[in-house]
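Notes follow once the structure below has been shown.
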Amino acid sequence: MSNERPGAGLDFVRAIVAEDLATNKWDGRVVTRFPPEPNGYLHIGHAKSICLNFGIAQENEGGRCHLRFDDTNPCKEEQEYVDSIMEDVRWLGFDWGEHLYYASDYFDQLYEWAIQLIKEGKAYVCDLSVEEIRAHRGTLTETGTESRYRERSVEENLELFERMRAGEFEEGSRVLRAKIDMNAPNMHLRDPVMYRILKASHHRTGDKWCIYPMYDYTHGQSDSLEGITHSICTLEFEIHRPLYDWYCEALRIYHPQQIEFARLNLTYTLLSKRRLIELVTEGLVNGWDDPRMPTICGFRRRGYTPEAIRDFCKRIGVAKADSINEIEQLEHCLREDLNKRAPRVMGVLDPLRVVIENYPDDQEEELDAINNPEDASMGARKVPFSKVLYIEREDFMEDPPRKFYRLAPGREVRLRYAYFITCTGVVKDENTGEIVELRCTYDPDTRGGDAPDGRKVKATLHWVSAAHALETEVRIYEHLFTKENPADLDEGEDWRDYLNPDSLQVLPACYVEPSLANAKPGDRFQFERKGYFCVDPDSTPEKLVFNRTVALRDTWANIQKAQQQAK
RNA sequence: UGGGGCGUCGCCAAGUGGUAAGGCAUCGGCCUUUGGCGCCGACAUUCGUAGGUUCGAAUCCUACCGCCCCAGCCA
């Protein structure tokens with residue numbers, strides 16, 4: 001054990017951290033950072049990064065993780081997003097303590113450093129247009145061409161850069177570029193832009209600046225200033241690493257290590273910021289927190305727990321291979337968490353009226369029900385029973401197939417915590433033939449759900465007393481997309497082609513037991529045999545609205561599917 | 001046709017020269033007042049392919065194949 005190499009059994013990022021600790025590379029420090037750009041809401045992919053960065057900090061004595069807003073582009077960034085990001089990181093259960101930073105805090109320092117690079121002949125003001133710069137950059141297989149402004153004198157560069165900062169030039173007319181190598185096979189090294197002119201006011205610095213630093217010129221130096229040890233980002237930044245290193249070296253400043261890992265992908269889900277914004281702005285969903293959205297706030301409203309999301313992030317691991325995780329994995333983590341903590345309750349989504357013929361008309365009684373069989377400390381409650389009930393329509397079949405062992409004519413089943421009932425008749429609508437009511441008898445000796453004679457029953461159904469039930473709205477969600485990988489499109493296809501038209505189903509008249517009367521938005525329950533549900537903020541004192549967080553595993557549905565396929 | 005990465009079970013993912021962990025999914029069985037939960041069992045003679053080195057290779061070498069990323073004054 002003790003002679004194992006440091007990092008054994010850990011993911012490769014944690015292994016690097018462990019190795020660095022073992023060799024004392026950073027004087028025993030572990031400092032990470034989560035650096036979102038405040039131009040959108042956080043999604044489950046960010047959760048992976050958050051759990052990685054904050055997780056590593058937590059796991060190591062004295063470690064810390066900074067929350068830093070990468071706010072270098074005033075055109076796209078807004079305060080609304082910084083607020084939501086902080087809320088979501090906190091909700092996920094992480095705390096950045098005093099370490100809240102903004103890249104814009106470093107604008108002065110970055111400006112000084114730019115002057116330093118100009119003085120050392122490592123940066124120059126370039127007057128080429130956007131189109132010219134693009135043309136000069138060359139292509140993947142052809143080298144670039146040096147700008148005709150590349151050899152300006154230090155004095156001229158200094159003067160021009162100062163005038164850029166003073167607002168004397170038009171947007172797009174000039175940029176500051178690093179003088180690296182137009183022949184570099186890595187395009188990012190072909191004299192990358194450091195500063196561009198943007199006459200936009202910034203959400204934090206206001207109108208102080210009209211030149212703004214680019215990501216590459218900002219990120220590494222921000223890490224450096226904060227004493228970050230491990231700068232963890234996603235794979236697409238791997239090719240930026242030489243530039244990250246170049247700036248730190250050219251500036252001769254503290255140089256953190258950038259490490260790249262594969263971003264999260266989920267089946268039946270799109271996680272690109274661009275797509276998410278379009279879903280919201282095009283009204284394809286009802287806002288960032290629509291329970292169908294893979295955003296943190298969407299999951300929150302849907303009823304997911306931060307524990308489940310963290311557990312998911314822990315289980316999927318961290319590696320460098322592109323991957324797409326199955327949504328079932330996430331749902332498994334969710335069910336496992338909710339199973340332990342969600343109180344059980346009875347709710348009928350698609351009501352079918354049942355009249356117990358031999359039950360006295362005006363009688364009602366209170367039956368004992370367990371709140372959570374997984375946790376005795378959650379206690380018990382009373383549920384009212386009476387002559388007229390509702391059961392789930394799908395729990396009855398007039399002509400049941402093999403293996404269907406719920407209610408059918410002449411068959412006896414148990415009503416959970418109540419009585420055994422036997423179906424004696426079916427009432428249909430004269431015109432449509434639709435079943436509108438079941439006639440049943442009950443066995444008074446089976447009160448509570450057990451038969452004194454030891455008689456067994458194949459099924460236990462959930463139910464609700466019609467006279468006592470609360471009418472509620474229930475929203476059922478399915479995958480937002482019909483395609484496993486909606487990002488993988490053929491020529492001419494649009495991701496919108498794969499939007500699932502049935503991703504939201506509203507059930508306006510469901511019935512739940514009266515104990516739910518005081519449920520508050522955010523409260524989570526298991527509707528026995530149906531799934532986990534949570535109270536939506538759209539609820540009113542008159543009518544509760546529930547979101548189905550996730551259905552229970554449904555073995556019967558799998559059997560039905562198999563039977564269908566067998567035909 | 002340049003450069004940077006990556007390829008281990010349907011999906012994730014351990015494995016760092018000594019003879020393929022684990023989770024999800026799936027399939028059996030047990031249990032059950034949730035067809036839920038739980039429990040038991042099955043599930044890669046094989047690690048992109050082909051050679052080579054070695055007593056021994058998923059791990060080392062060579063070649064090939066496939067996938068991803070890079071030509072924003074976005075991050």
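Convention: sequence-line order gives letters A, B, ...; per-chain numbering from 1.
Within 4.0 Å (heavy atoms only), A:Arg344 reaches at least one base atom of the nucleic acid. Nucleic acid contact for A:Val175: base, since at least one base atom lies under 4.0 Å from a heavy atom of the residue. Contacts of A:Leu461 with the nucleic acid, taken as non-hydrogen atoms under 4.0 Å apart, are absent. Residue A:Lys403 is classed as a base contact, given a heavy-atom separation below 4.0 Å to a base. No engagement by A:Leu235 is indicated, since no non-hydrogen atom pair under 4.0 Å with the nucleic acid exists. Looking at heavy-atom distances under 4.0 Å, A:Val457 makes no contact with the nucleic acid at all. Across all strands shown, A:Arg177 has no heavy atoms under 4.0 Å from either base or sugar-phosphate atoms. Note on A:Ser323: only backbone sugar-phosphate atoms sit closer than 4.0 angstrom, heavy atoms only; bases stay farther off. Within the nucleic acid shown, A:Leu128 comes within 4.0 Å of at least one base atom, counting heavy atoms only. The residue A:Arg414 sits close to a base: some heavy atom pair falls under 4.0 Å. Counting non-hydrogen atoms under 4.0 angstrom, A:Glu260 reaches nothing in the nucleic acid. In this structure, A:Phe404 reaches the bases: a heavy-atom distance under 4.0 Å links it to at least one base atom across the strands shown. Counting non-hydrogen atoms under 4.0 angstrom, A:Tyr195 reaches nothing in the nucleic acid. As judged by a 4.0 angstrom heavy-atom cut-off over every strand, A:Tyr405 is placed among the base-contacting residues.
Atom P of nucleotide B:A71 and atom CG of A:Asp216 are separated by 11 Å, given to the nearest angstrom. Between the NZ atom of A:Lys561 and the C1' atom of B:U26 there is a distance of 12 Å, rounded to whole Å. For the pair A:Phe261 CZ and B:G5 P, the interatomic distance rounds to 18 Å; values are reported in whole Å. Taking atom NE2 of A:His462 as the reference point, atom C1' of B:G35 lies 13 Å away to the nearest angstrom. The distance from atom OH of A:Tyr244 to atom C1' of B:G4 is 18 Å, rounded to the nearest whole Å.
Using the six-membered ring where Trp is involved, A:Tyr442 and A:Phe385 have ring planes that are tilted, between 30° and 60° apart.
Checking the phosphate oxygens (OP1, OP2) of B:C70, no side-chain nitrogen or oxygen of A:His188 falls inside 4.0 Å. Taking only side-chain nitrogens and oxygens, A:Arg190 never comes nearer than 4.0 Å to OP1 or OP2 of B:G3. Of the side-chain N and O atoms in A:Arg137, one or more sit less than 4.0 angstrom from OP1 or OP2 of B:C73. Checking the phosphate oxygens (OP1, OP2) of B:A75, no side-chain nitrogen or oxygen of A:Arg274 falls inside 4.0 Å. Look at A:Arg315 and you won't find any side-chain N or O under 4.0 angstrom from OP1 or OP2 of B:A25. For A:Arg196, a side-chain nitrogen or oxygen approaches OP1 or OP2 of B:C74 to under 4.0 Å. Under 4.0 angstrom from either OP1 or OP2 of B:G2 there lies no side-chain N or O belonging to A:Asn186.
A donor-acceptor contact under 3.5 Å links the side chain of A:His240 to the base of B:A75. Taking 3.5 Å as the limit, the base of B:G36 and the side chain of A:Arg335 contain no donor-acceptor pair of atoms between them. No donor-acceptor contact under 3.5 Å links the side chain of A:Glu142 to the base of B:G2. Taking 3.5 Å as the limit, the base of B:G23 and the side chain of A:Glu336 contain no donor-acceptor pair of atoms between them.
Aromatic ring centroids of A:Tyr101 and A:Phe69 lie 6.0 Å or more apart. The distance between the ring centers of A:Tyr124 and A:Tyr149 does not fall below 6.0 angstrom. Checked against the 6.0 Å centroid threshold, A:Phe527 and A:Phe546 count as a close aromatic pair.
Comparing the P positions of B:C60 and B:C73 gives a spacing of 39 Å, expressed to the nearest Å. Atom name P, nucleotides B:U8 and B:G29: the rounded distance is 33 Å, in whole Å. Rounded to the nearest Å, the gap between the P atom of B:A75 and that of B:A21 is 47 Å. Here, B:U26 and B:C37 have their P atoms 10 Å apart, quoted to the whole Å. Distance noted for atom P between B:G41 and B:A50: 35 Å (whole Å). Of the C1' atoms belonging to B:G10 and B:C43, the separation is 11 Å, rounded to the nearest Å. B:A63 and B:G22 are spaced 36 Å apart, taking the P atom of each and rounding to whole Å. Distance noted for atom P between B:A44 and B:G35: 32 Å (whole Å).
The two residues A:Val125 and A:Asn157 make their nearest non-hydrogen contact at N-OD1, 2.9 Å.
Scanning residues 67-76 of chain A for heavy-atom distances under 4.0 Å to RNA chain B yields A:Asp70, A:Thr72, A:Asn73, A:Lys76.
With a glycosidic angle no more than 90° from 0, B:G72 adopts the syn conformation.
Between the side chain of A:Arg414 and the backbone N or O of A:Gly449 there is at least one donor-acceptor pair closer than 3.5 Å. Although no hydrogens or angles enter the test, the distance criterion places a donor-acceptor pair under 3.5 Å between the side chain of A:Asn372 and the main chain of A:Lys340.
The side chain of A:Gln329 approaches B:G23 more closely than any other nucleotide in the set B:C73, B:A14, B:G23. The nucleotide whose nearest atom lies closest to any side-chain atom of A:Asn339 is, among B:G4, B:U1, B:G36, B:G36. Considering only side-chain atoms of A:Pro373, the nucleotide from B:G72, B:G36, B:A25 that sits closest is B:G36. Comparing B:A71, B:G3, B:U34 by their closest approach to the side chain of A:Met187 singles out B:A71.
A cation-pi arrangement is present between A:Arg165 and A:Tyr111, with the terminal nitrogen or guanidinium carbon under 6.0 Å from the aromatic centre and inside a 45° cone about the axis.
No more than 12 heavy-atom neighbours from other residues, nucleotides or ligands sit within 6.0 angstrom of NZ on A:Lys561.
Stacking of the aromatic ring of A:Tyr215 onto the base of B:A75 is not found under the criterion of centres within 5.5 Å and planes under 30°.
No salt bridge links A:Glu412 with A:Lys458; every basic N to acidic carboxylate O contact stays at or beyond 4.0 Å. In this structure, A:Arg163 pairs ionically with A:Glu168, as a charged nitrogen and a carboxylate oxygen lie closer than 4.0 Å. Taking 4.0 Å as the cut-off between side-chain N and carboxylate O, A:Glu19 and A:Arg14 do not count as a salt-bridged pair.
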